[in-house]
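A quick note: this is a predicted structure, and the numbers were derived from the prediction, not measured. The chains referred to below are lettered A, B, ... by the order of the sequence lines, with proteins before strands, and numbering in each begins at 1.
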Amino acid sequence: MRQLGKLSLYGLQALLYTLPFGVIFYLSVTPNLAYPHWLSTTFTPGHWQQLAQSGSGLSQSLGLSLVLALTVGFLATALGFACSGVLYFSRFRESLTRLAFFPFILTPVIYAVVLQFYFLKLGLSGSTGGVVLAQLFITFPFAFLFFNGFWNHRVKQMAQLVQTLGGNGRQLFTEFLAPYAKGALVTCFFQTFLISWFEYGLTSIIGIGKVKTLTLQVFQYLNESNVPLAAVSSAVLVLPPLILLMVNRKFLLKP
Amino acid sequence: MSFTVQNISKSYGAQPVLRQVSFELAPQKCLSILGKSGSGKSTLLKILAGLEPADSGAFLYQQTNLGALPSRKRGVVYLFQEALLFPYLNVFENIAFGLRLKKKSKSEIKKAVLEMAAALGLNGLEERMPEELSGGQKQRVAFGRALIVHPRLLLLDEPFGALDAHTRKEMQQLFLLVSQQEAITSIFVTHDPKEALVVGDQRALMQDGKLKLYTSEAEFLKDEQTGLPQEIAFWHERQAQNN
């Protein structure tokens, strides 16, 4: 009886996890359905084929989102790690740490409106570089605060030990800091990648419709009531985070 | 060939930590510095290792001004109270760390590490990770990691302070043996007068940032500021009571 209850619980859990993906996949292989006709007898891979077509809006958005999220994730992690390390030894540490909370007091949309004036002045609006920079205004403070807890007296002593053993700045990073902080670096990259990947407010305002990421594309298809393409782009949207989650789990579960 | 420390001073704000510290240290000798917490002994070691700047003074070796060199070029290795083993490396890799930084060949590293592990009684533990070692074993590995790079000067900042009495005594004996074998010049900082007495060839007392050097073991034993005469008197009294 107990076994049966456990099995049912696992089954229910599996159903809850797979149901949203199942629905998205179903909607992506059916023609554009309209309420109340949600059940289809015809299925087509046509919407998915758009992904493979070079030059299609969907494939371009996927490529752009990947480049954007990877760049933002890498830059935010690297800068956050380096700056939090430098600031740990600075006497301005507390005031600058407080400053890092600022972007999270405002919502990304308000923040984007505040930033937009400067981006327009600098000619950065509507460019991929501008969107990368705008997203860094959120992800860099996040990474900075994330790594704030990493630096402590023990890390400082170990770094000093590496120096006295003859290690230069590069070796300090490659032989000690990088392997010691590997788990934290991977987790931070994963989180900043996700922030960038799903970012909507800042991207739409700073990108002024010219930088069409996959997240923006999903919203556009939904506004156009193009359910199959919205479903395809949603399915693709959750894929990289799922892969990263698996990689991250492997890293985090490692002893 | 000796090390010369000349008039090193250091203050944190208005608070002086070291006042005109000077001494000479002959090669292959150990200077033990006894001092209470906050007396300035760790600050002195950090200045000699190049981890903190001095306000004034010089640190010389032969004709070289070591004080002007960056930490990594001084050949002065600092051994902390905690073993600080790299948790992602096993015993072999931890001992080999300094040689890898110096880009020695694999065969050279293997030979040197196995010899060092044998000298420190770590044979058979080379594959173990730091969390699988006892406190004494960890300190042996840290000791091996420092010695394998053949430092000009080894600085030991209460390295056995966290160990139990028995292991501490064992480590003191091992330190004396290996120091002799490897012809190490060292400065050993401790708050334990007995340890200062056992490990040092030369002895000194650090008090309020001033260093007092003793010319002989007898002088060190007689000085009440070390706490040793009081301790000897205590044990004599206990013995008399028991008899």
Problem - Leu101(B) and Asn168(A): CA distance, side-chain angles, deciding distance, side chain to side chain contact (heavy atoms under 4.5 Å, CB included) verdict - result: CA-CA 8 Å; Leu101(B) 294 179; Asn168(A) 58 29; over 6 Å; no
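Contacts of Glu131(B) with chain A are absent, with no heavy-atom separation under 4.5 Å from either backbone or side chain. With a 4.5 angstrom heavy-atom cutoff, Val77(B) touches chain A via backbone and side-chain atoms both.
Remark: Gln180(B) CD is loosely packed, at most 12 non-hydrogen atoms of other residues, nucleotides or ligands lying under 6.0 Å away. For Asn7(B), the CG atom counts as densely surrounded, since its 6.0 Å shell holds more than 12 non-hydrogen atoms of other residues, nucleotides or ligands. For Tyr118(A), the OH atom is loosely surrounded, since the number of other residues' heavy atoms within 6.0 Å does not exceed 12. Around the CD atom of Glu94(A), the shell of radius 6.0 Å holds no more than 12 heavy atoms that belong to other residues, nucleotides or ligands. With a 6.0 Å radius and a threshold of 12 heavy atoms from other residues, nucleotides or ligands, Tyr12(B) has its OH atom above the threshold. Within 6.0 Å of the CZ atom in Phe74(A), the count of heavy atoms belonging to other residues, nucleotides or ligands does not exceed 12. Around CD of Gln3(A), the count of heavy atoms belonging to other residues, nucleotides or ligands within 6.0 Å does not exceed 12.
The nearest pair of heavy atoms linking Leu161(A) to Leu84(B) is CD2-O, 4.0 Å. In plain terms, the two heavy atoms of Gln163(A) and Leu51(B) that are nearest each other are OE1-CD2, 4.2 Å. The minimum heavy-atom distance linking Met158(A) with Leu85(B) is given by the pair CE-O, 3.3 Å.
Separation of atoms CD (Gln171(A)) and CZ (Phe97(B)) is listed at 8.0 Å; rounding is to 0.5 Å.
Looking at heavy atoms from C-beta onward, Tyr78(B) lies out of side-chain contact with Leu165(A) at the 4.5 angstrom threshold. Side-chain contact between Arg72(B) and Thr164(A): absent, with no pair of heavy atoms (C-beta onward) separated by less than 4.5 Å.
The residue from Lys103(B), Arg100(B), Lys102(B) that alone fulfils the salt bridge (Lys or Arg N to Asp or Glu O under 4.0 Å) condition with Glu175(A) is Arg100(B).
Centroid-to-centroid, the aromatic rings of Phe176(A) and Phe86(B) come within less than 6.0 Å.
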